[in-house]
Amino acid sequence: MVMIIRPKIRGFICITAHPEGCAAHVQEQIDWVQSQGPIAGGPKKVLVIGASTGYGLSSRITAAFGSGAATLGLFFEKAPEVERTASAGWYNSVAFEQKARAAGLYAKSLNGDAFSDDMKRQVIEVIRKDLGSVDMVVYSLASPRRTNPRSGLTAKSCLKPIGNSYTAKTLDTDRELVNDITIEPASEQEVVETAAVMGGEDWLWWVEALAEAGVLAPEAKTVAYSYIGPELTFPIYRNGTIGKSQGAPGSHGQDFA
């Protein structure tokens with residue numbers, strides 16, 4: 001069966017992915033990393049939480065093709081169906097694994113809810129079986145919602161300014177128009193819930209779980225990414241709900257309604 005892949009645009013974002021395009025995107029990053037030469041003293045066994053797109057994917061590519069590292073990637077992506085393409089992250093990860101293995105590198109991926117305790121257990125089992133331990137943990141997880149495995153409560157994140165509304169230009173690619181768009185300020189509840197999703201509590205729990213399981217190598221390092229953005233978007237990023245979530249009370253286990 002042959003599937004014809006046509007772009008579907010929502011706003012200014014293409015919501016369909018092409019496997020060959022994703023593979024080319026991955027290869028382009030591999031080529032750049034290799035052009036920089038080997039990374040002296042780089043990690044050798046790396047866990048990337050949120051490994052299928054963006055900084056997480058780039059970190060995985062850099063670790064593998066810059067440091068010769070074995071990589072275990074975790075993500076939550078949609079597989080292809082009979083009449084529907086997979087998500088871009090799915091194709092990215094398939095391409096990465098193929099290219100890493102062709103280069104003689106260990107590469108394995110798990111697809112599931114990274115916020116869940118069950119996924120933490122699965123990752124720990126794979127590390128114990130295949131790697132023994134990891135010397136770097138990259139946390140690059142972004143999500144519209146998170147269910148707290150301890151309380152069972154689900155929080156939803158949002159990208160909004162705090163205190164005042166924010167107006168900027170946006171591009172409508174369907175009608176080829178540039179319009180003004182206004183984002184109303186977040187409520188106190190939205191600020192708290194965004195912190196519960198993006199504030200770092202889950203990152204802390206991951207490191208604690210890995211440490212308690214004895215699968216962190218001595219002097220293992222961990223890094224997390226947070227998008228600041230250009231000055232133009234500071235009101236909704238750096239000074240908005242995402243920026244507020246860094247160090248906010250909700251990022252340290254505060255309950256929410």
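Keep in mind that this is a model prediction, so the values were computed, not measured. Any value given below was found using the heavy atoms of this structure, including those in side chains, with hydrogens, waters and symmetry copies removed. Residues: numbered from 1 along the sequence shown.
Under the 3.5 Å distance criterion, the side-chain polar atoms of N92 are left unmatched by any main-chain donor or acceptor of T53. Here the side chain of Y91 pairs no donor or acceptor atom with the backbone of H18 at under 3.5 angstrom. Side-chain N or O atoms of D135 include none that pairs as donor or acceptor with a backbone N or O of P43 at under 3.5 Å. With hydrogens and angles ignored, the 3.5 Å screen pairs a side-chain donor or acceptor of T194 with a backbone N or O of C158.
V94 and I30 are not part of a single hydrophobic cluster, where members link through side-chain heavy atoms under 4.5 Å apart.
By the 4.5 Å heavy-atom criterion applied to side chains, M198 and I242 are counted as neighbours. Using a 4.5 Å heavy-atom cutoff, the side chains of V137 and W206 are not in contact. Side-chain contact between D117 and R121: present, with at least one pair of heavy atoms (C-beta onward) separated by less than 4.5 Å. The side-chain heavy atoms of I236 and P161, taken from C-beta on, include a pair separated by under 4.5 Å. Annotation: side chain of L210 is in contact with side chain of I127 (closest heavy-atom distance under 4.5 Å). A 4.5 Å side-chain heavy-atom check between F76 and S143 finds every atom pair outside the cut-off. Within the 4.5 Å cutoff, the side chain of K169 has no heavy atoms near those of the L232 side chain.
Counted within 6.0 Å of OH on Y55, heavy atoms from surrounding residues, nucleotides or ligands total 12 or fewer; the atom is thus considered open. Around the CD atom of Q34, the shell of radius 6.0 Å holds more than 12 heavy atoms that belong to other residues, nucleotides or ligands. The local environment of CD in E20 is sparse, with at most 12 non-hydrogen atoms from other residues, nucleotides or ligands closer than 6.0 Å.
Considering CD of Q29 and CD1 of I61, their distance stands at 4.0 Å, rounded to 0.5 Å. With rounding to the nearest 0.5 angstrom, the CZ atom of R60 is 7.0 Å from the CG atom of L72. One finds the CG atom of N148 at 7.0 Å from the CG atom of L153 (value rounded to the nearest 0.5 Å). How far NZ of K120 is from CG of D113: 8.0 Å, rounded to the nearest 0.5 Å. Separating the CG atom in L47 from the OG atom in S133 is a distance of 11.5 Å, to the nearest 0.5 Å. Once rounded to the nearest 0.5 Å, the distance linking OG of S140 with CZ of F75 reads 13.5 Å.
Across E184 and S165, no two heavy atoms sit closer than the pair OE1-CB, 3.9 Å. The nearest pair of heavy atoms linking K78 to W90 is O-CB, 3.5 Å. Residue V207 comes nearest to L216 through the heavy atom pair O-CD1, 4.0 Å, listed as atom of the first residue, atom of the second, then distance.
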Side chain to side chain donor-acceptor pair (under 3.5 Å) between T241 and E190, worked out | CA-CA 8 Å; T241 51; E190 288 176 318; over 6 Å; no
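Under the 30°/60° scheme for interplanar angles, the aromatic rings of F96 and F65 are found to stand perpendicular.
Screening I49, V48, T62, T71 against V138 for a side-chain contact (heavy atoms from CB on, under 4.5 Å) leaves a single residue, V48.
A salt bridge links R101 with E97: the closest approach of a Lys/Arg side-chain nitrogen to an acidic carboxylate oxygen falls below 4.0 angstrom.
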